[in-house]
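Since the structure comes first, as structure tokens, the remarks are kept for the end.
For ligands, and for the atoms within them, numbers begin at 1 and follow the listed sequence.
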Amino acid sequence: MTVASYFDSMDYAPSTEDDSAARAWLASHDARFGHFIDGAFTKPAEGFDTSEPATGKALAQVSQGVAADVDAAFKAARRAQKGWAALPGYERALKLYALARIIQRNSRLIAVVEALDNGKSIRETRDIDIPLAARHFYHHAGWAQLQDSQFAGYDPVGVVGQVIPWNFPFLMLAWKLAPALALGNAVVLKPAEATPLTALLFAELAQAAGLPAGVLNIVTGDGETGALIAAHEGADKVAFTGSTEVGRRIREATAGQGKSLTLELGGKSPFIVCEDADIDAAVEGVVDAIWFNQGQVCCAGSRLLVQEGISDTFHARLAERMKTLRIGGSLDKTIDLSAVIDGAQRDRIAGMVDRAVAAGATLVQSGAVPATGSFYPPTLLRDVPATCEAATEEIFGPVAVSMTFRTPDEAVTLANHTRYGLAASIWSENINLALDLAAKVQAGIVWVNCTNVMDAGVGFGGVKESGFDREGGREGCYDYLKPRAFAKASERKAAAPVAAKGFSLDPVDRTAKFYIGGKQARPDGGNARPVVGAKGNVLGEVGEGNRKDIRNAVEAARGAKSWGSKTQHNRAQVLYYMGENLSARVDEFAERLTAQTGVKPDRARAEVMAAVSRLFSYGAWADKVEGTVHMPPMKGLALAVPEPIGVAGVICPEESPLLGFVSAVAPLIATGNRVVAVASEAHPLSATDFYQVLETSDLPGGVLNIVTGDTEPLARELAKHNDVDLLWAFTTPALSAEVERLSTGNLKRVFTDHGRAWDWTSAEAEGEVFIRQATQIKNIWVPYGE
Ligand code: NAI
């Protein structure tokens with residue numbers, strides 16, 4: 001017998017973690033919990049049991065949060081927030097640091113409570129969840145310390161409602177709380193109904209660490225409690241992690257409430273293995289990608305895409321590796337996989353696997369599962385038909401589906417063939433190929449030759465229906481801040497109804513058309529509307545756009561995709577050129593402004609000059625939108641690369657018809673997006689005159705498309721359109737609310753000032769706030785160094 005075979009045949013006895021401290025903590029509360037509001041636990045009320053997935057036994061009873069609890073929590077948060085935000089940054093930093101330290105000092109207790117309540121293995125809670133949670137508080141203590149210098153011009157959002165899922169109860173709590181608290185916000189947080197215990201334990205620890213009363217409030221309960229929190233008028237912001245379906249409901253519920261929203265939703269992330277990959281490393285990567293936390297990971301590498309030439313070898317080695325995975329109770333330190341969250345989830349997973357097998361997939365499964373508890377074995381489904389639900393939907397269990405590809409281009413097509421865009425893993429020993437694929441996959445996070453690595457300093461979050469905004473790092477901080485300029489703005493009025501004095505008697509038809517695909521285009525319906533000047537006279541006519549015109553414009557914008565891959569230098573030049581061409585027509589544009597709005601000639605000239613300057617500003621920005629190189633605590637770098645979002649719909653403001661229009665479209669163009677703009681309804685002629693500027697500049701057709709007409713129906717059409725990836729709405733409060741509601745179809749990102757008119761001449765109306773809204777960060781993790 002060789003040493004190797006001896007090790008192979010060796011069996012392990014269970015090595016069980018001691019749970020006495022965790023049980024004693026539960027007993028100290030009589031295993032019954034109220035909510036944690038305003039620095040104290042409320043009396044336990046009617047609620048539900050939370051139990052151990054690995055044994056099915058009840059652990060404790062928690063209270064179901066009702067409207068009165070949620071109200072009380074928001075009131076407490078509101079009372080506490082001002083004082084918390086007013087503390088000097090270093091005092092908040094000290095508290096965050098104290099939270100990090102108290103997590104470390106109690107890490108064993110937290111790790112055991114987490115393993116018991118969630119069913120995940122103690123090895124993972126001890127080595128990953130809890131240390132990473134502490135790291136989040138350390139990292140964000142730093143942002144509190146640096147807030148004044150690094151985020152000058154920004155205020156905390158205020159009071160934040162946070163709803164988190166059950167797959168990483170403590171880690172998600174840390175992800176949500178650390179940035180919110182660090183930057184001066186107060187929080188009402190709801191843990192998932194299946195896993196409330198570590199949040200309650202954290203509340204107790206936070207109290208011991210001296211966090212002021214009311215800054216952190218924990219309300220337990222199910223989805224109904226979550227819905228109360230998301231819709232509560234006391235929340236200035238809602239941050240949610242969970243399923244795409246609930247994310248969509250929250251988007252709807254919060255629409256028009258003037259809240260900012262962060263959604264971290266589901267995924268179906270590709271795990272691409274190229275033929276030149278280190279196969280053994282990639283096999284080990286699959287173990288981390290899909291069997292870590294029983295596959296209940298939003299960024300799990302659940303779709304294996306394997307290049308044909310190595311498919312047999314790769315799958316054979318993977319099947320061998322699967323045989324060595326150990327399944328058992330969550331407190332056994334020797335196991336790889338433990339129980340999934342509950343019986344319902346296990347049955348859901350089993351149902352999806354059975355249906356995939358019935359549809360023709362080949363099943364590879366290994367490992368005996370314990371007879372009691374909600375266990376499901378590690379599973380691989382080979383040759384899954386691409387349309388099968390197992391291949392397209394989030395299974396959220398230890399199930400990988402695998403398919404093959406022939407060429408890297410085909411891998412990209414398969415990888416992007418999903419409504420999600422959270423993460424991707426790429427395995428290749430060829431750095432050129434790996435980085436080429438990294439640039440082409442649609443995902444917020446890309447891991448090159450690694451998977452499921454995360455850090456507090458590196459943004460995390462998705463694109464497409466995986467949600468928007470980032471958590472972690474500098475970019476995550478911005479999502480808990482608001483630009484100070486916003487607060488000063490006044491409410492925007494709707495366009496004045498058209499009341500023309502008589503008809504245009506001009507014998508020449510001066511109807512301005514639309515600008516679509518680089519050409520002037522007639523309205524689909526053939527209708528025009530008069531444009532009434534400041535004196536009530538008709539200045540001309542513009543096309544009356546309809547749904548078909550918007551669709552044509554979106555199609556033209558989609559067709560201009562190559563704008564996003566032009567060099568920044570090239571885009572800068574085009575914007576400078578547009579500025580130059582506008583500067584040659586200052587008098588003409590100024591006269592038009594005066595005629596439309598009645599603004600005095602000198603102010604009209606100033607607006608045109610400001611528009612010229614703004615085009616130059618975005619020309620300047622175009623080649624200065626840079627990423628960051630993060631240095632996370634691993635052997636590698638994470639490259640934070642800003643990317644264009646895609647096709648943007650823009651509802652232009654009524655105020656400052658030229659400057660507002662330019663300010664809204666130029667940042668999007670500068671960053672590589674394509675735009676469909678709905679011009680000011682009352683004063684559209686500055687936008688239609690701009691065609692001349694476009695025609696004499698080198699902007700490729702389809703990059704900027706302009707439609708005129710009644711704003712409301714056009715805005716609705718843009719909001720609903722599933723090929724529009726992003727919507728900027730500088731319109732009335734009511735229409736802002738409506739477009740937010742209508743944007744749920746493809747969960748497009750919406751940037752709106754909620755009807756608070758900007759002063760478009762101010763310095764705050766250009767620059768980084770807009771650039772950030774026009775881009776999304778892709779974090780590419782690359783092994784590097786020693
Ligand atoms: P879920 O999305 O329903 O639950 C997440 C959180 O949202 C929980 O705290 C829940 O109480 C709360 N919630 C539910 N309905 C709500 C509402 N209308 N308004 C506000 N909050 C609400 O996820 P669930 O039901 O636990 O799992 C279902 C499936 O969702 C899973 O099988 C998985 O596919 C997916 N999921 C994905 C996660 C991810 O991170 N991508 C996390 C959790 C679940």
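- Checking only distances, Glu264 never comes within under 3.5 Å of ligand 1, N or O to N or O.
- Summarising the geometry of Gln296 relative to Phe168, their closest heavy-atom pair is O-CE1, 3.8 Å, with the distance given to 0.1 Å.
- The nearest pair of heavy atoms linking Phe48 to Ser63 is CE2-O, 4.3 Å.
- The contact set between ligand 1 and Lys190, taken as ligand atoms under 4.0 Å from a residue heavy atom, comprises 8 (C), 9 (O), 10 (C), 11 (O).
- Atom 6 (C) of ligand 1 is flagged as protein-proximal [any protein heavy atom, distance under 4.0 Å].
- Under 4.0 angstrom from ligand 1, the non-hydrogen atoms of Gln345 all belong to its side chain.
- The nearest protein heavy atom to atom 9 (O) of ligand 1 is closer than 4.0 Å.
- For ligand 1, the polar-atom distance check finds an N/O of Ile164 within less than 3.5 Å of one of the ligand's N/O atoms.
- Here the shortest heavy-atom distance to atom 29 (C) of ligand 1, taken over Ala227, Pro191, Ser243, belongs to Ser243.
- For the 3.5 Å distance criterion, the side chains of His29 and Glu204 qualify, holding a donor opposite an acceptor.
- At a heavy-atom cutoff of 4.0 Å, ligand 1 is contacted by the backbone of Leu265 but not by its side chain.
- Between Trp166 and ligand 1, at least one pair of N/O atoms sits closer than 3.5 Å.
- Looking at Ile229 against ligand 1, nothing comes within 4.0 Å, counting heavy atoms.
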